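The chains referred to below are lettered A, B, ... by the order of the sequence lines, with proteins before strands, and numbering in each begins at 1. Nothing here was measured: the structure is a model prediction, and the numbers come from that model.
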Amino acid sequence: MNTLNPQQLAAVKTTDAPLLVLAGAGSGKTSVITEKIAWLIKQGMPARQIAAVTFTNKAAREMKARVGKLLKGDQTRGLRVSTFHSLGLDIIRRESKILGFQGGLSILDEQDKLSILKELISHASVTFDTDLIDRYSWQIGNWKNGGITPKQAASIQPNSDDEQPLAYAATLYEEYSRQLKAYNAVDFDDLIFLPVLLFSEQPEVLERWQNKIRYLLVDEYQDTNQTQYKLIKQIVGKLGKLTVVGDDDQSIYAWRGAQPENLSLLQNDFPRLKVVKLEQNYRSTRRILRVANHLIANNPHPFEKKLWSDLGEGDQLQIVPCKNDIHEAQQIASEIIHHKFKTGGQYHDYAILYRSNHLSRPIEKALRENNIPYHLSGGTSFFGYTEIKDLLAYFRLFINPDDGSAFIRIVNTPKREIGPATLEKLGSYANNRKISLFDACFELGLKEHLSENAVIKLRRFCEMITDVADRLKRGDTLAVLEDFLSEIHYESWVKENSPNDQASARKIANISELIDWIKRLLEEEKGEEAFEKCLSKILLLDILEQNEDETVTDNVRLMTLHAAKGLEFPNVYLMGIEENILPHQNSIEGDQVEEERRLAYVGITRAQRNLTITYCRQRKRYGELELCEASRFLEELPQEDLDWRNKRTKDPEAQKERSKASIAQLKNMLS
DNA sequence: ACGCCACCTATTTTT
DNA sequence: TAGGTGGCGT
């Protein structure tokens with residue numbers, strides 16, 4: 001604790017009142033949370049009564065590890081450090097009887113949600129409209145995040161004509177909820193929503209949990225949505241044993257339902273609230289901070305704060321206007337080569353950040369051409385791969401045979417000659433009798449609707465599932481899973497269905513990676529529910545990513561501004577800082593420029609020593625060359641801290657170039 | 001049941 | 001422009 005500054009220390013030691021820690025970028029907020037947990041335990045509070053919640057598994061892991069370093073192993077026993085979603089899942093599991101869930105429950109991802117909705121819509125009387133399905137899905141998620149039940153949603157009157165589909169959305173919400181119940185399944189939003197509902201309907205259950213969790217710490221508080229905040233308030237109750245850490249200037253997830261105004265709401269809900277500001281930044285040069293402060297000062301602030309640093313003045317920011325996106329990419333690549341050569345640094349000291357994923361294409365090309373190793377964060381996730389989704393569907397079915405989503409996904413994968421016609425009949429039979437697809441396969445009445453042959457095939461499939469599930473319960477999970485894989489000849493099926501050897505090799509590698517993960521996870525979990533627990537960790541993506549230790553491999557890091565939040569790099573390149581990209585066109589039109597400014601702020605404050613901002617005069621967009629102009633945010637920076645390269649107003653050559661481009665653009669438009 | 005072609009669309013995505 | 005998806009034809 002002697003490494004803490006006075007404000008950090010105050011944040012740690014304030015335990016007699018609810019506390020809001022306004023933690024600027026790079027001000028050591030994780031240290032405050034971890035030190036505070038250690039402090040509480042040293043003050044005599046049992047670790048099992050303390051809970052810390054984060055948004056990402058990565059943050060939770062890091063926090064756990066850091067608390068572990070501050071305390072002896074047995075002192076942290078029972079300490080809860082988890083994401084909001086796994087805390088929610090934990091509550092649901094422990095209260096599953098009251099909530100009406102059978103044994104193992106399934107967690108559905110966004111795609112499962114969509115396919116259930118699609119199925120429901122196709123049976124509805126309204127005409128199927130693919131454009132609307134995303135809106136319905138979004139609406140339902142919105143309702144859940146706003147704490148609104150299907151019943152309440154139905155009573156909401158659409159207030160204007162263009163909200164006409166709302167009425168059907170409420171019906172769909174109701175049907176969807178019933179379907180989830182029948183599947184013994186929850187979606188991601190339910191993981192927060194169901195505990196909140198339960199707590200508000202059953203005070204005695206809430207009281208039990210309030211006794212379990214006597215002190216709550218919340219990380220990245222500005223990113224909480226309405227339900228998450230409600231859950232916090234419920235758990236904390238009147239005692240107000242709460243510390244939240246957040247930064248309104250780094251709120252960049254409002255579009256996903258985050259309510260940065262939850263920061264201000266705290267003062268109303270907890271009148272005894274104390275506020276501590278962490279304003280010393282340990283990351284960046286004074287220059288970088290000054291620029292960041294200057295920019296963000298253009299946003300309204302409910303709480304004033306001013307970041308400072310004593311890490312030295314630092315160099316000016318480089319502003320590099322480029323002719324087009326290709327040049328921009330080449331420029332950055334050669335800058336990195338030169339800078340690295342000059343300073344003798346490592347590739348992993350460099351990060352290239354951009355507003356949207358597609359901007360990475362030209363830069364990837366340039367890096368490859370210059371033999372610069374890079375790592376791209378984001379993109380298709382491991383769990384997006386069909387082979388992984390298929391296997392996970394099997395695993396879900398082992399634990400929860402009622403999971404209709406999983407059932408439909410793999411009943412005919414690999415092929416078992418169970419076609420859509422069979423499934424359609426099975427589906428309506430199950431639906432009419434209000435039983436699961438799985439159970440329906442064993443009903444005698446099914447034979448009246450399906451051929452004997454079809455029934456035999458279905459039953460054979462179900463028996464296989466039951467058999468594996470039984471063996472899993474008896475132990476040696478890994479061996480059972482491996483046997484199962486060879487029993488269904490999954491590998492040869494993958495090979496047959498891959499366009500080439502390369503693709504099938506990738507798929508098989510993915511599968512063994514998944515099995516490897518399960519192997520590792522099983523080492524931590526023992527007992528009857530080990531497999532179930534480890535599966536839900538996988539479904540909540542709570543696994544170490546293979547490139548978690550990026551620093552080991554020496555790569556330039558490429559990622560979106562969103563993905564960069566929480567990270568820091570010695571040298572940062574912000575590319576595509578243009579009107580309509582940052583701020584994004586839709587945000588300009590939707591009057592959301594403030595959040596875009598925060599995004600720019602997040603980008604700037606990632607840099608420790610050097611920051612280079614690039615933009616283009618021309619960029620290929622939707623296959624056509626378009627004229628671009630520098631982002632308005634560049635004008636909002638203190639100009640004396642910027643070093644412009646070939647600023648175009650002073651460069652006749654560039655001006656000529658520019659007018660040529662305008663003419664080209666005009667021609668384009670005319671043709 | 002699979003493969004191909006044509007068409008459509010293009011912001012960010014912690015679980 | 002390019003990549004993903006859905007529909008249709010074999």
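- A cation-pi arrangement is found for K181(A) relative to F101(A), the charged atom lying closer than 6.0 Å to the ring centre and inside a 45° cone about the ring normal.
- Between Q259(A) atom CD and dT14(B) atom P the separation is 20 Å, expressed in whole Å.
- Between L561(A) atom CG and dT13(B) atom C1' there is a gap of 14 Å when expressed in whole angstrom units.
- Among the atoms of the strands shown, base atoms are found under 4.0 Å from some heavy atom of Y253(A).
- In this structure, F84(A) places its CZ atom 17 Å from P of dT14(B), rounding to the nearest Å.
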- request: List the steps and the verdict of salt bridge (charged side-chain N to carboxylate O under 4.0 Å, His left out) for D109(A) and K389(A).
  value: CA-CA 10 Å; D109(A) 67 14; K389(A) 302 207 82 175; 2.8 Å; yes

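- Rounding to whole angstrom units, CG of residue D223(A) and P of dT14(B) are separated by 12 Å.
- With sequence neighbours excluded, the residues forming a salt bridge (Lys or Arg N to Asp or Glu O under 4.0 Å) with E62(A) are R66(A), listed by chain and number.
- When distances are taken from the side chain of K620(A) to each of dT1(C), dT14(B), dT12(B), the shortest belongs to dT1(C).
- Each of R621(A) and A258(A) was assigned the nucleotide of DNA chain B with the nearest heavy atom; the assignment lying further toward the 5' end belongs to R621(A).
- When the P atom is used for both dT5(C) and dT12(B), the distance is 15 Å, rounded to whole Å.
- Between L540(A) atom CG and dT13(B) atom P there is a gap of 19 Å when expressed in whole angstrom units.
- Between the CG atom of L359(A) and the P atom of dT12(B) there is a distance of 9 Å, rounded to whole Å.
- D189(A) comes within 4.0 angstrom of no nucleic acid atom, judged by non-hydrogen atoms across all strands.
- Spacing of P atoms, dT13(B) relative to dA2(C), comes out at 22 Å, to the nearest Å.
- dT15(B) has no base stacking with the ring of H85(A) when judged by centroids under 5.5 angstrom apart and an interplanar angle below 30°.
- OP1 or OP2 of dT14(B) has not a single side-chain nitrogen or oxygen of N57(A) nearer than 4.0 Å.
- Applying the side chain to side chain donor-acceptor pair (under 3.5 Å) test between N262(A) and each of D223(A), D248(A), T224(A) identifies T224(A) as the sole match.
- A straight line from NZ of K144(A) to C1' of dT15(B) spans 14 Å, rounded to a whole angstrom.
- As judged by a 4.0 angstrom heavy-atom cut-off over every strand, T56(A) is placed among the base-contacting residues.
- The distance from atom CZ of R416(A) to atom C1' of dA1(B) is 16 Å, rounded to the nearest whole Å.
- Proximity of the aromatic rings of Y173(A) and Y136(A) is defined here by a centroid distance below 6.0 angstrom, and this criterion is not met.
- Look at W255(A) and the base of dT12(B); the rings stack, centres closer than 5.5 Å and planes less than 30° apart.
- A close approach under 4.0 Å does occur between a side-chain nitrogen or oxygen of N357(A) and OP1 or OP2 of dT12(B).
- Among the nucleotides dT12(B), dT14(B), dT11(B), the one closest to any side-chain atom of H562(A) is dT12(B).
- For dT1(C), its base never sits under 3.5 Å from the side chain of R361(A) at any donor and acceptor pair.
- Contact check, T54(A) against dT14(B): no side-chain N or O comes under 4.0 Å of OP1 or OP2.
- By the salt bridge (Lys or Arg N to Asp or Glu O under 4.0 Å) test, K457(A) pairs with no residue at all, sequence neighbours left out.
- Residue contacts for N412(A): at a heavy-atom cut-off of 4.0 Å it reaches the sugar-phosphate backbone alone, with no base atom in range.
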